[in-house]
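Here's the structure we're looking at; comments come further down.
None of these values were measured; they are calculated from a predicted model. Letters A, B, ... mirror the listed sequences (proteins, then strands); counts begin at 1.
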Amino acid sequence: LAKTTQPISMDSYEGQEVNITCSHNNIATNDYITWYQQFPSQGPRFIIQGYKTKVTNEVASLFIPADRKSSTLSLPRVSLSDTAVYYCLVGDQYSGAGSYQLTFGKGTKLSVIP
Amino acid sequence: EAQVTQNPRYLITVTGKKLTVTCSQNMNHEYMSWYRQDPGLGLRQIYYSMNVEVTDKGDVPEGYKVSRKEKRNFPLILESPSPNQTSLYFCASSSGTGEVTYEQYFGPGTRLTVT
């Protein structure tokens, strides 16, 4: 099963760009990379998903190098409301039966400082 | 409104007393899953279901049961709860299967305390 490794925590000032990198050395050919955001006592919320190269939406960008062994979530001009835990998720294919076991890592706690 | 609902939101119970946490989604999603979240351990998957009558174990299935008799409902059953099952539980659903999408919609969480 593909596992992920992220920094435990990061600090950033308001208005700065934040890049959070996730390592997933054992990513499988058919796996997608997905990032979630979680505020305290709330369920995680989907941010962005990608397979390779670069994906951008209104909230963030996701950079994935050619070997796909890592990915970087980029949050432009963060604000205090971006303070949250960010999870990198890689989908695992299970025994070829078409079932998928999804594994969250421990996440990166981002603290945005005024 | 598209949503995943869980009940109860808070529950305090005693060791050994069977309980069920319900989960329901109104988005006609195929995929549903249960997670528990503990301090320092992140989110860990308990069970998941790819479709009606199809369930499989996640990372931490011991002490839990699930069933998927209808597409919209995915209850989590603790036959004999123990204090180490004290946790925050989340149910989630997703429309995609295979590699199409992993955008999961999470419920508001159920905080369970077992004394």
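- When the shell of 6.0 Å around CG of B:Leu41 is examined, it contains more than 12 heavy atoms from other residues, nucleotides or ligands.
- B:Tyr31 and B:Ile46 fall into different hydrophobic clusters, where Ile, Leu, Val, Met, Phe, Trp and Tyr are joined by side-chain heavy atoms under 4.5 Å apart, directly or via other members.
- With a 4.5 Å cut-off on non-hydrogen atoms, B:Arg44 does not touch chain A at all.
- Shown here for A:Leu89 and B:Gln104, the closest heavy-atom pair between the two residues is CD2-NE2, 4.2 Å.
- Not one N or O on the side chain of B:Tyr105 forms a donor-acceptor pair closer than 3.5 Å with the backbone of A:Phe46.
- Under a hydrophobic-cluster definition in which Ile, Leu, Val, Met, Phe, Trp and Tyr are linked whenever side-chain heavy atoms come within less than 4.5 Å, directly or via other members, B:Leu11 and B:Leu88 are assigned to different clusters.
- Transitive grouping of hydrophobic side chains (ILVMFWY, heavy atoms separated by less than 4.5 Å) brings B:Val60 and B:Val114 into a common cluster.
- Nearest heavy-atom pair, A:Tyr87 versus B:Gln37, reported as atom, atom and distance to 0.1 Å: OH-NE2, 2.9 Å.
- Contact record, B:Arg111 with A:Ser41: NH2-OG, 3.8 Å, taken as the closest heavy-atom pair.
- More than 12 non-hydrogen atoms from other residues, nucleotides or ligands lie less than 6.0 angstrom from NZ of B:Lys71.
- In this structure, CG in B:Leu43 is found 12.5 Å from NZ in A:Lys106, a value given to the nearest 0.5 Å.
- For A:Leu80, the CG atom is densely surrounded, since the number of other residues' heavy atoms within 6.0 Å is greater than 12.
- Using a 4.5 Å heavy-atom threshold, the side chains of A:Gln42 and B:Phe90 count as separate.
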